[in-house]
Amino acid sequence: MAEETHNPKNSTMGAEEAAAEKESSNNNNIIKERKVSWARLRRVDSLNMEAGNLSSKPSTHHASNHWVRTLSLAFQSIGVIYGDIGTSPLYVYASTFTDGIKHNEDILGVLSLIIYTIFLVPMVKYVFLVLLANDNGDGGTFALYSLICRYANVSLIPNDQPEDRHLSNYRLDTPSNQLHRAQKIKEKLEKSKTCKLVLFIATILGTSMVIGDGVLTPCISVLSAVGGIKPLHEEAVVYISIAILIVIFCVQRFGTDKVGYTFAPAICLWFIFISGIGLYNLFKHDLGVLRAFNPKYIFDYFKRNGKRGWVSLGGVVLCITGTEAMFADLGHFNVRAVQISFSGIVFPSLLAAYIGQAAYLTKFPENVAHTFYDSIPGPIYWPTFVVANAAAIIASQAMISGSFAIISQSLSLGCFPRVKVVHTSVKYEGQVYIPEINYILMVACVIVTYGFKTTEKIGNAYGLAVVSVMLITTSLVTLIMLLIWKTKIWWITLFVVVFMSIELLYFSSVLYKFTQGGYLPLAFSLVLMIMMGVWHYAHQQRYLFELNNKVSNVYVSDLAKNEAISRIPGIGLLYSELVQGIPPIFPHFISNIPSIHSVVVFVSIKSIPISKVVLEERFLFRQVEPREYRVFRCVVRYGYKDIIEEPHEFERQLVENLKEFIRHENFMLESGPVEELMPENSVKARKSSASTVHIEEALDQQVPQRISSSSIQSIISASHSSNNNNNRNIAQGLDEELRFVQTAMDQGVFYLIGEAEVVAKQDSSLLHKFVINYVYSFLRKNFRQGEKVLAIPRTRLLRVGMTYEM
């Protein structure tokens with residue numbers, strides 16, 4: 001009886017033991033496979049662990065393109081990005097016919113030029129081609145430059161890392177995989193310093209011209225709108241315009257979101273008004289102007305007027321001012337929304353307005369100086385005047401905000417002196433306010449308005465800025481077609497021939513009026529380019545100095561053996577721009593203060609040529625030997641539209657990611673020597689490989705996208721059954737390490753910044769000495785310091801001076 005009950009029990013226990021043994025074996029195999037994968041990853045690169053922790057989720061930037069959301073965004077875009085191009089009917093005909101209308105057929109010729117210019121440049125080029133060259137949903141000159149920098153290493157600062165190419169927002173799908181032409185262009189760009197420099201200069205020139213637009217747009221828009229008060233003399237119009245401009249700039253601190261959307265319905269009303277007035281004038285005065293859709297009137301116009309017709313193109317080009325805003329402000333909307341709003345509402349409204357004004361001028365050519373206001377029917381004159389002024393304010397707002405945004409982007413890429421950037425909108429992360437730039441723009445606008453007084457002279461300056469930006473955009477998009485899109489050569493040729501010829505024709509015309517106001521945007525651009533160029537050059541030279549004088553890891557090992565160096569409680573964050581080693585400022589700290597914190601992290605804030613870096617991929621860590629000394633290197637990666645967090649939040653994120661890194665490192669230590677775990681042939685293959693990046697790509701199918709701390713802990717717990725004593729010691733060591741880091745954080749996080757005085761070497765050229773010792777020194781002293789930009793608490797800040805001779 002006892003035997004009968006005992007035997008089944010024994011067989012059951014035997015089955016359970018066999019199952020447990022099988023499960024343990026499976027767990028060990030899983031653990032071993034995971035160890036092999038992590039062991040392989042250890043050999044990827046200098047800051048290797050976080051390079052493998054890539055989020056599998058795509059960018060959430062405007063991911064949902066549902067038609068309801070798209071239509072909503074299309075409606076919103078009308079009030080944000082079309083104020084400038086929408087207010088052009090206020091002054092185009094007056095700027096074109098500066099000497100009056102000599103022949104009625106000239107009206108048809110100019111109207112035909114306006115129709116086809118708006119159709120070819122904003123509609124075909126921008127709406128259906130340039131918008132596609134966006135950088136993860138963001139547009140503008142810097143977006144094009146950053147896109148090119150990702151596919152070819154053309155950055156002037158040598159801080160490229162293989163890990164950067166594995167960010168989820170870094171890679172883009174391309175139509176073709178390997179084309180000989182694209183590879184040749186890439187190699188040429190990467191090898192030629194001249195090509196890199198030309199590309200950089202073109203980018204900052206385009207940026208400077210857009211900032212120049214931020215000065216000229218408010219002037220010409222407000223002057224044109226206020227000019228509708230007929231009884232006022234020129235001086236009164238100028239002073240009222242200056243007062244409005246001062247108010248516009250004073251309310252910028254409330255943010256684009258509040259200022260823009262307060263007047264946004266006025267833009268919709270504005271397009272209704274101009275299209276309605278245009279249709280009224282068309283049917284009332286002359287339906288025959290519709291003949292202007294025949295392009296032959298363009299040729300007749302030039303044949304009849306010759307040089308005078310060519311010079312008048314400087315006025316015609318003002319019909320497409322603000323076109324660049326469609327691309328620059330793309331980040332707030334999406335491509336489909338902008339395409340719908342422009343082609344469905346803005347384009348037909350503008351055509352109706354210009355056609356209606358042309359019909360009016362056929363009957364009243366003597367009123368060309370004030371075409372818009374004179375063509376308004378009497379009963380709606382004052383309502384239209386009010387709406388026109390509101391639209392002019394919004395047009396000003398769009399370009400002012402665009403200037404803030406583009407300076408913010410250039411600041412993050414090390415191309416502009418440090419300024420205070422205030423983020424004014426929770427809804428739109430790209431909306432920023434820069435107090436210093438705001439008041440500089442205000443003073444410039446007041447000076448320009450008072451000095452030029454009329455829209456004609458400002459229009460000459462405005463046209464040059466507009467066409468210059470378009471030429472640069474065409475050049476950069478052509479390079480993207482060759483290098484990234486790998487478009488067929490005949491399509492590229494057609495694009496270049498059509499649009500470059502149109503823009504060069506307009507450029508030659510506006511350049512002819514250089515002495516009549518055209519010099520103004522070039523003067524602005526020259527000052528801005530010198531400022532940006534000098535700052536970037538000094539930034540590059542400073543980085544190269546730190547790279548050439550970086551400290552070896554042996555120094556830290558020797559430091560650990562030095563008993564004279566004391567450890568003080570807390571975490572010390574030593575800031576440096578260097579990403580490839582220990583900065584030379586560190587030994588200088590030790591020589592002045594022979595003590596370091598219990599945990600030291602060398603932090604490098606690095607800007608990546610993408611718009612945003614997801615939080616899971618932001619921090620890259622590596623531990624500096626010896627491990628027990630607890631010294632780490634950390635690269636914190638930001639896109640050019642990312643916001644640097646407040647100190648408390650930044651500290652929390654950094655420490656949490658440091659703990660995660662320690663868990664990963666601890667887990668890999670458990671794996672033992674790499675060669676014992678990996679197949680012999682794969683070890684040999686890896687050793688012979690010249691590029692560690694290819695190793696990681698070859699392991700894409702094996703390496704998990706992200707292993708969280710909980711999953712690692714579950715794997716460790718699963719391995720207890722096979723190696724209980726060893727794993728218990730490792731787990732205890734891990735817990736102690738994590739507690740130590742947390743205790744150090746609780747004791748305080750302290751910031752260490754080197755005050756590096758940059759001077760030129762004695763044997764340097766005179767130009768180099770002037771740039772470094774005087775121009776850069778002036779900019780550095782008169783703009784914000786690094787700790788102010790990073791909002792570092794002064795009570796936890798320690799600064800040590802050092803001289804960099806470059």
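Keep in mind that this is a model prediction, so the values were computed, not measured.
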Please name the pair of heavy atoms, one in [X] and one in [Y], separated by the smallest distance, quoted to 0.1 Å.
X	Y	value
I472	G206	CD1-N, 3.4 Å
V510	G463	CG1-C, 3.9 Å
F507	S468	CE1-OG, 3.5 Å
P122	F342	CB-CZ, 3.5 Å
S192	C195	OG-N, 3.1 Å
L245	C219	CD2-N, 4.3 Å

Are the side chain of [X] and the backbone of [Y] linked by a donor-acceptor contact shorter than 3.5 Å?
X	Y	result
N657	L654	no
S88	L318	yes
S221	P218	no
E546	P583	no
S604	E577	yes

Under the side-chain contact (heavy atoms from CB on, under 4.5 Å) test, residues paired with [X] that sit two or more places apart:
X	result
V527	none
I447	V443
M442	I246, F249, Y439

Open item on the list: Is it the case that atom CZ in F545 sees more than 12 heavy atoms from other parts of the structure closer than 6.0 Å?
Closed with: yes

Within the 4.5 Å heavy-atom criterion, are [X] and [Y] side-chain neighbours or not?
X	Y	answer
N134	L131	no
Q183	E187	yes
L120	I502	yes
Y151	K186	no
V124	F499	yes
V448	V215	yes
V127	V335	no
I85	F347	no

TODO: List the steps, then state whether side-chain contact (heavy atoms from CB on, under 4.5 Å) holds for I772 with V534.
DONE: CA-CA 8 Å; I772 297 297; V534 167; over 6 Å; no

Open item on the list: Aromatic contact between F416 and H539, with the criterion being ring centroids under 6.0 Å apart: yes or no?
Closed with: no

Task: Aromatic ring proximity Y774/F778, centre distance under 6.0 Å - done: no

Separation of [Y] [atom2] from [X] [atom1] (nearest 0.5 Å):
X	Y	atom1	atom2	result
I492	I480	CD1	CD1	11.5 Å
K184	L483	NZ	CG	14.5 Å
L528	C415	CG	SG	12.5 Å
L526	Y519	CG	OH	14.5 Å
C445	I220	SG	CD1	12.0 Å
F200	Y145	CZ	OH	6.0 Å

Open item on the list: Which label fits Y776 and W535: parallel for a plane angle under 30°, tilted from 30 to 60°, or perpendicular past 60°?
Closed with: tilted

- [ ] Please work out which of the three classes, parallel, tilted or perpendicular, describes the rings of F619 and F650, given edges at 30° and 60°.
- [x] tilted

- [ ] Going by the side chain to side chain donor-acceptor pair (under 3.5 Å) test, name the single residue among K606, R618, E645 that passes it with Y638.
- [x] E645

TODO: Evaluate side-chain contact (heavy atoms from CB on, under 4.5 Å) for T474 paired with V496, printing each intermediate quantity in order.
DONE: CA-CA 7 Å; T474 301; V496 172; 5.7 Å; no

[X] and [Y]: side-chain donor and acceptor closer than 3.5 Å?
X	Y	result
T141	T203	no
T117	Y506	yes
Y82	S341	yes

Open item on the list: Using a strict threshold of under 4.0 Å (side-chain N to carboxylate O), is an ion pair present between K125 and E503?
Closed with: yes

Open item on the list: Assess whether a salt bridge exists between E617 and K612, defined as any Lys/Arg side-chain N lying under 4.0 Å from an Asp/Glu carboxylate O.
Closed with: no

- [ ] Apply side-chain contact (heavy atoms from CB on, under 4.5 Å) to the pair F404 and L441, showing each step before the final yes or no.
- [x] CA-CA 10 Å; F404 292 158; L441 290 178; 4.3 Å; yes

Open item on the list: For L205 and M529: C-alpha separation, side-chain torsions, deciding distance, then whether side-chain contact (heavy atoms from CB on, under 4.5 Å) applies.
Closed with: CA-CA 6 Å; L205 175 60; M529 283 182 67; 3.4 Å; yes

- [ ] Assess whether salt bridge (Lys or Arg N to Asp or Glu O under 4.0 Å) is satisfied between E436 and R418, documenting all intermediate values.
- [x] CA-CA 10 Å; E436 297 97 324; R418 298 186 186 102; over 6 Å; no

